[in-house]
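Contents: one structure, followed by commentary.
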Amino acid sequence: VDLNLRRALMYWQYFSQFYRQRPSFDEVPDVSLDEVAGIGPAKAEAVEIIECLTSPVRFVSVGARCPRGLLLTGPPGNGKTMLAR
């Protein structure tokens, strides 16, 4: 029983360090949307989401809700990371 308790404590200490880490948004990415090329529809959607987050009053007045996130999918090398930055 003591071994199982010790093992559970060890797992808790290991995994709790990931839970406590918070992302830092201090760094401003040096990539603009003008540098992202080749993914027009995704870029247009990202620009619309950015507009909704910067001025939500305009979108709420027509009955829209701002999204909470953006899911980028696709094969490697099509600019998902560049668009996320």
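Residue numbers count from 1 along this sequence. Quick caveat, the model's predicted, so the values are computed rather than measured.
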Correct closest heavy-atom pair for Pro67 and Leu53 would be O-CD2, 4.2 Å
| said: Do Ile49 and Leu72 sit in one hydrophobic cluster, given that two such residues count as connected whenever their side-chain heavy atoms are within less than 4.5 Å of each other, even indirectly? | reply: yes
So the salt bridge (Lys or Arg N to Asp or Glu O under 4.0 Å) pairs with at least one residue in residues 58-67 (sequence neighbours excluded) are Glu51-Arg58
So CZ of Arg6 and OH of Tyr11: to nearest 0.5 Å the spacing works out to 14.0 Å
So CG of Leu3 and CE of Met10: to nearest 0.5 Å the spacing works out to 9.0 Å
